[in-house]
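To start, the structure itself, in structure tokens.
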Amino acid sequence: MSVYALIDCNSFYCSCERLFRPELNGRPVVVLSNNDGCVIARSREAKALGIGMGVPYFQNRAFLRQHNVAVFSSNYELYADVSNRVMRTIQGMVPDLEVYSIDECWADLTGMPGDLDALGREIQARVRRWVGIPVGVGISTTKTLAKLAQWAGKTWRATGGVVDLTDALRQGRLLPLAPVGDVWGVGRKLTTRLQGLGITTAQDLARADLRIVRKEFSRVLERTARELRGEQWMRLHEAPPLKKEIISSRMFGHRVYRLEALREAMATYVTRAAEKLREQGSLCSTLLVSVQTGQHEPEERRYYRSLGIQLAHPTDDTRILVQAALAGLDPIYREGYAYSKCAVVLGSIVQTDEFTPDLFAPAGQGRPSELMQLVDRINARYGRAALHVGRMPADPGWQMRRELLSRGYTTRWGELPKVG
DNA sequence: TCTGGGGTCCTAGGACCC
DNA sequence: TCTGGGGTCCTAGGACCC
């Protein structure tokens, strides 16, 4: 029998902000999305105030001030660094680990001797002591059940955030109490449709007729239902698979009207995407560029258009990619719209040894660019964008807003905390 | 009335996750 | 004034093939 654990950091971004600001313990804390757009992380105290996930910041600013809520722009450099520390700590305590997201990981505990509940509490205590971040642990025989165990740990505080759900009897008690919408893989749309069929709890889904689930919904949901029954359909992925597409997009800090500004932004995003491409040692041969106005504009002022571009040879060269993206931008730009965002998606991603090179390709094309490797090394040493294409401005007017950014406590020499 | 069946590949779009 | 970003998987449907 397999045993999986899901370890999840509580209100991760808020916990990171508190790490070097202990006076914030007990005080409600929220963290905003890019551009200070909406609330994406809430401490327990903030949730208790009724602040919803994803609510727009500008509509709630007064309420937040009134309740003395500490508000932060997202500081991804800090969160990524703290996340690495958490993962390394857990890695030393379990046989196999899959980093699932910035604040969650799976562990394979199959065959671990001793009390699993006690192991869960040990992990929790060590991460708290070594890194300072509170975590919850859910343990069971499938990933979907482990996820549900972790949900139970959050929902019933008496558990202390650790729930061992390997026992069939305990599963039988929990499943009828769990709303189907809290099952991993069941989102809003599916919840509504399932409820229409009288399937309202995890137990209902586990007991549903699998043929009907497959026919009316999908194989994906069938797999979820089977996992709730204890059939193991998902395994651990220790080495993260290479990305099949790489997206770079961002809302602008202010609306943008001119083609020239869009070109700057596009060049910046393509540069970032190409860096990610090279980080995984891949080449790409298609791009999709898009521009759009705000979703909340009146109908007649909304505009969205995208264009796919096929390259002659797979490449990882920022210069070629930027040139192609800018050529694609021109025909989809229309004057007179208030643009809020542009994006690039790199696709048809391959490894160098995965395709047949073109005998007639110009020298240097169709393989990793040595020049780009040099640029990456220089930028790693002297700071991102020390060397960059001329189209990328140093201080763009459209840059995202981060007015409430905390310090780079662990990632910038000049911003280290001072003691004494 | 009624028009083959089955396979592959590609793309667009939907749904989900964090 | 102001509403996130990055990713995966699956499905349906069209084109094409034998």
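Each chain gets a letter, A, B and so on, in the order its sequence line appears, and its residues count up from 1.
The 5' end of DNA chain C is approached more closely, in terms of each residue's nearest nucleotide, by A:Lys341 than by the other of A:Lys341 and A:Lys244. Mapped onto DNA chain C by nearest heavy atom, A:Gly54 and A:Arg219 fall at different nucleotides, with A:Gly54 at the one closer to the 5' end.
Heavy atoms of A:Tyr100 sit under 4.0 angstrom from primed sugar atoms or phosphate atoms, though from no base atom. If you check every strand for non-hydrogen atoms under 4.0 Å, A:Val55 touches nothing. Across all strands, A:Arg223 comes closer than 4.0 Å only to sugar-phosphate atoms, never to a base (heavy-atom distances). A:Asp36 comes within 4.0 angstrom of no nucleic acid atom, judged by non-hydrogen atoms across all strands. Within the nucleic acid shown, A:Leu190 comes within 4.0 Å of sugar-phosphate atoms alone, with no base atom in reach, counting heavy atoms only. Nucleic acid contact class of A:Glu245 (heavy atoms, under 4.0 Å, all strands): base. Backbone-only contact: A:Asn34 has heavy atoms under 4.0 Å from sugar-phosphate atoms and none from a base. Within the nucleic acid shown, A:Ile246 comes within 4.0 Å of sugar-phosphate atoms alone, with no base atom in reach, counting heavy atoms only. At the heavy-atom level, A:Ser248 lies under 4.0 Å from the strands shown only through sugar-phosphate atoms.
A salt bridge between A:Glu45 and A:Arg18 is present, with a side-chain N of the basic residue lying under 4.0 Å from a carboxylate O of the acidic one. The pair A:Lys147-A:Glu104 meets the salt-bridge criterion, since a charged nitrogen lies less than 4.0 angstrom from a carboxylate oxygen. For A:Glu77 and A:Arg402, the salt-bridge test passes: some basic side-chain N is under 4.0 Å from an acidic carboxylate O.
Crowding of A:Arg207 atom CZ: a count of heavy atoms from other residues, nucleotides or ligands under 6.0 Å not exceeding 12.
Closest approach of A:Cys284 and A:Gly347 over heavy atoms only: CB-O, 3.3 Å.
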Base-pair map of DNA chain B as dot-bracket, where | denotes pairing with a different strand and pairs are Watson-Crick or G-U under 3.5 Å: ....||||||||||||||

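The cationic group of A:Lys143 does not satisfy the cation-pi geometry with A:Trp184, failing either the under 6.0 Å distance to the six-membered ring centre or the 45° limit from the ring axis.
Extent of DNA chain C lying under 4.0 Å from chain A heavy atoms, first and last nucleotide in 5' to 3' order, is C:dC2 to C:dT11.
With both ends at atom P, the span from C:dC18 to B:dT3 equals 24 Å, rounded to whole Å.
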Stepwise side-chain hydrogen bond (donor to acceptor under 3.5 Å, both in side chains) test for A:Asp316 and A:Ser369: CA-CA 7 Å; A:Asp316 67 354; A:Ser369 157; 4.7 Å; no

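In this structure, CG in A:Leu148 is found 11.5 Å from CD in A:Glu227, a value given to the nearest 0.5 Å.
Tested against A:Ser282, the residues A:Gln280, A:Arg278, A:Glu279 include a single side-chain hydrogen bond (donor to acceptor under 3.5 Å, both in side chains) partner, A:Gln280.
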